[in-house]
S.K.: 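Could you have a look at this structure, given as structure tokens, before my questions?
These values consider heavy atoms only, across backbone and side chains, with no hydrogens, waters or symmetry-generated copies.
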Amino acid sequence: MVSLLPNLSSPISRVRLLWRPSIHLTFKATSKLQLHNKAVKPQLFKSFSAYCSTSASNVQTQNQILGENENLVVLGIETSCDDTAAAVVTSLLVSLKLLLLIAMVKFSAKLSLLREFLNALKNSNFEKLSKLYYFCVPTLCGLSSNLEVPYIIKAELLARYGGVAPKMAEEAHALVIDQVVQEALDKANLTEKDLTAVAVTIGPGLSLCLRIGVRKARSIAGSHNLPLVGVHHMEAHTLVARLVERELQFPFMALLVSGGHNLLILARDLGDYIQLGTTIDDAIGEAYDKTAKWLGLDLRRSGGPAVEELAQEGDAKSVKFKVPMKQHKDCNFSYAGLKTQVRLAIEAKRINAGISLASSSDEERQARADIAASFQRVAVLHLEEKCERAIEWGLNIEPSINHLVVSGGVASNKYVRARLDEVVKRKGLKLVCPPPSLCTDNGVMVAWTGLEHFRLGRFDPPPPAHEPEDAVLDLRPRWPLGEEYAEGKSEARSMRTARVHPSLTSLIKASIKQESQSAI
């Protein structure tokens with residue numbers, strides 16, 4: 001579904017972004033923002049090669065075609081697992097009037113910051129303005145549209161099944177997808193006609209769930225003649241950090257941790273990633289969820305937060321769990337064995353998961369807390385050890401690395417953040433964690449990633465306005481992000497290659513090579 005076209009100069013794109021602050025267009029009644037985007041002309045899609053090249057002259061040509069001074073407004077849709085989310089992100093430099101309004105609201109009690117903000121406007125210091133602007137925007141903007149309805153459904157499904165049930169999640173997505181997308185547009189005071197493009201997660205994830213979001217995105221794009229950007233879910237988790245940390249530039253390291261993924265990557269450029277390590281069985285989020293279930297915790301807000309909260313009451317060294325894969329000098333993860341250790345410890349203490357934590361005795365509550373704390377200590381220690389080695393590998397490949405990004409649902413965990421911050425400090429790097437609302441699956445990260453790729457010409461033409469229900473969709477449930485680093489390969493993981501789509505990085509490199517050959 002996504003056209004992976006030759007990579008243009010990343011620094012050029014990055015410089016433009018520094019002086020065009022991107023904002024989340026989800027204002028409520030504060031101010032109605034009028035956008036005047038030119039419609040994307042159909043002839044734009046006649047030949048991708050007409051404007052996609054690595055040469056400097058064609059970079060200029062592409063900038064003219066995409067609109068060097070245009071306001072790019074991208075709708076992002078995310079349905080890869082059990083979150084139904086949508087958001088609108090734009091690249092425009094908002095009017096001085098709106099900037100002043102935002103600054104005065106946020107900085108009313110901080111006159112020094114307001115004075116600094118006004119001086120930046122006066123002196124056209126756009127980089128300084130961008131940093132101050134990001135400090136002030138969150139009080140007036142939402143981040144993405146996640147209606148209460150899907151969260152209620154999600155909580156009920158988690159409590160009932162102790163995890164994600166694909167068919168039930170699909171039905172929940174289908175029930176609310178129209179509402180979620182419409183609310184994102186309404187909060188932005190926009191309609192589909194104001195959009196430049198539509199971005200949607202096409203993988204990795206659950207096929208049944210991905211299908212709902214992709215169909216909705218294609219429907220909007222087809223009905224309004226909009227280009228479509230297929231987004232890699234894990235790349236979106238990685239790149240959203242660039243939205244909130246303006247100093248974050250390529251290359252950088254990233255640890256992506258969630259219920260279904262553990263991934264250590266070196267991000268060399270947009271669409272160019274080296275996979276240093278991944279999970280050979282279960283991810284850390286899965287281990288948190290199962291531990292919460294076996295301990296009889298409330299799963300309505302997912303297992304991770306429940307375990308993290310209970311762990312604060314326990315002794316983290318009371319139960320002697322073994323750190324996984326101590327003998328493996330690589331950067332891969334394994335949590336299946338730790339899950340087994342936790343289950344056996346719970347059985348040994350005869351903890352009845354059928355009795356809620358609130359109804360348990362003080363002695364049993366303490367036993368549960370000790371297990372939760374001991375589990376969390378070892379689970380995160382596993383992350384620390386692998387991250388430390390991955391940073392060493394990454395610095396050998398790209399000595400200019402300055403940041404480690406930690407993103408994904410588990411990155412919301414304060415204990416995880418604190419421990420990894422110690423690791424990066426020892427290595428002389430800076431830890432970058434998106435705010436919790438951007439760590440879990442959300443529409444902002446999809447829209448932002450779509451915008452970054454759209455700038456480089458990586459998008460598909462509008463789909464048919466009236467697509468049949470049985471149309472074959474490009475879904476990539478198993479889709480690697482980068483190429484495996486030779487020293488980080490796991491034989492156990494490498495055997496699981498059935499029905500795996502070629503990695504995003506390999507597709508982009510192949511496209512660049514093909515374009516270079518055709519240009520000769």
S.K.: Does the pair E235 and T449 meet the rule for a side chain to side chain donor-acceptor pair (under 3.5 Å), with working shown?
M.R.: CA-CA 8 Å; E235 184 185 33; T449 302; 5.6 Å; no

S.K.: Going through the checks in order, is the salt bridge (charged side-chain N to carboxylate O under 4.0 Å, His left out) test met by E308 and K414?
M.R.: CA-CA 8 Å; E308 180 185 8; K414 293 179 181 179; over 6 Å; no

S.K.: Does the side chain of L239 come within less than 4.5 Å of W448's, by heavy atoms?
M.R.: yes

S.K.: Between D178 and Q182, is the side chain to side chain donor-acceptor pair (under 3.5 Å) condition met? List the steps.
M.R.: CA-CA 6 Å; D178 292 340; Q182 189 58 51; over 6 Å; no

S.K.: Is there a donor-acceptor contact under 3.5 Å from the side chain of H224 to the main chain of L226?
M.R.: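 Absent.
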
S.K.: Of the non-hydrogen atoms in L276 and C331, which two are nearest, and what is the gap between them?
M.R.: O-CB, 3.4 Å

S.K.: Under a 3.5 Å distance rule, please check whether N332 uses its side chain to pair with a backbone N or O of T278 as donor and acceptor.
M.R.: yes

S.K.: Under a 4.0 Å N-O cut-off, is there an ion pair linking E467 with R218?
M.R.: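 Between R218 and E467 there is a salt bridge, with a charged N closer than 4.0 Å to a carboxylate O.
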
S.K.: Do the side chains of H237 and V405 get nearer than 4.5 Å, heavy atoms only?
M.R.: no

S.K.: Treating N442 as the side-chain partner and L438 as the backbone partner, does any N or O pair qualify as donor plus acceptor under 3.5 Å?
M.R.: yes

S.K.: Does T505 use its side chain to pair, donor to acceptor, with the backbone of L481 at less than 3.5 Å?
M.R.: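 Yes: the side chain of T505 pairs with the backbone of L481.
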
S.K.: Between K339 and E286, does at least one N-O distance fall below 4.0 Å, as a salt bridge requires?
M.R.: yes

S.K.: Between H233 and D441, is any side-chain donor less than 3.5 angstrom from a side-chain acceptor?
M.R.: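 There is such a pair between these side chains.
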
S.K.: Nearest heavy-atom pair of H261 and P204: which atoms, and what distance?
M.R.: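 Where H261 meets P204 most closely, the heavy atoms are CE1-CG, 3.7 Å.
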
S.K.: Quick check: closest heavy atoms across G259 and A283, and the distance to 0.1 Å?
M.R.: O-CB, 3.7 Å

S.K.: Do the side chain of D289 and the main chain of G303 share a donor and acceptor less than 3.5 angstrom apart?
M.R.: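 At least one qualifying donor-acceptor pair exists.
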
S.K.: Please check this pair: side chain of E78 against backbone of S80, looking for a donor-acceptor N/O pair closer than 3.5 Å.
M.R.: yes

S.K.: Taking atom CG of L270 and atom CZ of R455, what is their separation to the nearest 0.5 Å?
M.R.: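 If I round to the nearest 0.5 Å, the distance is 11.5 Å.
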
S.K.: Does the side chain of I391 come within less than 4.5 Å of L429's, by heavy atoms?
M.R.: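 They are in contact (side-chain heavy atoms under 4.5 Å apart), so the answer is yes.
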
S.K.: For the residue pair I508 and R458, establish whether any side-chain heavy-atom pair is separated by less than 4.5 Å.
M.R.: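 They are in contact (side-chain heavy atoms under 4.5 Å apart), so the answer is yes.
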
S.K.: Looking only at heavy atoms, which two atoms of V229 and F459 are closest? And how far apart?
M.R.: CG2-CB, 3.7 Å

S.K.: Run the side chain to side chain donor-acceptor pair (under 3.5 Å) test on S503 and E483 for me, step by step, so that the C-alpha distance in whole Å, both residues' side-chain angles and the decisive distance to 0.1 Å come before the verdict.
M.R.: CA-CA 7 Å; S503 74; E483 297 297 277; 2.4 Å; yes

S.K.: Tell me the closest heavy-atom pair linking L299 and A292, and the distance in Å.
M.R.: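 The answer is CD2-CB, 3.6 Å.
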
S.K.: Hey, does I284 have a side-chain heavy atom less than 4.5 Å from the side chain of L383?
M.R.: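 A side-chain contact under 4.5 Å exists here.
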
S.K.: Taking 4.0 angstrom as the limit, do R242 and E452 come out as a salt bridge?
M.R.: yes

S.K.: So for atom CD, which belongs to Q514, do other residues, nucleotides or ligands contribute more than 12 heavy atoms lying within a distance under 6.0 Å?
M.R.: no

S.K.: Is any NZ, NE, NH1 or NH2 atom of the basic residue among K430 and E245 found under 4.0 Å from an Asp or Glu carboxylate oxygen of the other?
M.R.: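 Between E245 and K430 there is a salt bridge, with a charged N closer than 4.0 Å to a carboxylate O.
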
S.K.: Using modelled atom types only, decide if a donor and an acceptor are shared between the side chain of S511 and the backbone of L507 within a distance under 3.5 Å.
M.R.: no

S.K.: Do any N or O atoms from the side chain of N413 and from the backbone of V410 form a donor-acceptor pair under 3.5 angstrom?
M.R.: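 No, N413 side chain to V410 backbone: no donor-acceptor pair under 3.5 Å.
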
S.K.: Considering all heavy atoms of both residues, which atom of C387 and which atom of L264 are nearest to each other, and what is their separation?
M.R.: SG-CD2, 3.9 Å

S.K.: Any non-hydrogen side-chain atom of L210 less than 4.5 Å from a side-chain atom of I202?
M.R.: no

S.K.: Treating T196 as the side-chain partner and V73 as the backbone partner, does any N or O pair qualify as donor plus acceptor under 3.5 Å?
M.R.: yes

S.K.: Tell me whether R211 is salt-bridged to E170, with the criterion being a basic N under 4.0 Å from an acidic carboxylate O.
M.R.: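 E170 and R211: not salt-bridged.
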
S.K.: Can a donor-acceptor pair be found, under 3.5 Å and without considering hydrogens, that links the side chain of W479 to the backbone of P502?
M.R.: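 Yes.
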
S.K.: Assess the side chains of T84 and H173: does a donor N or O sit below 3.5 Å from an acceptor N or O?
M.R.: yes

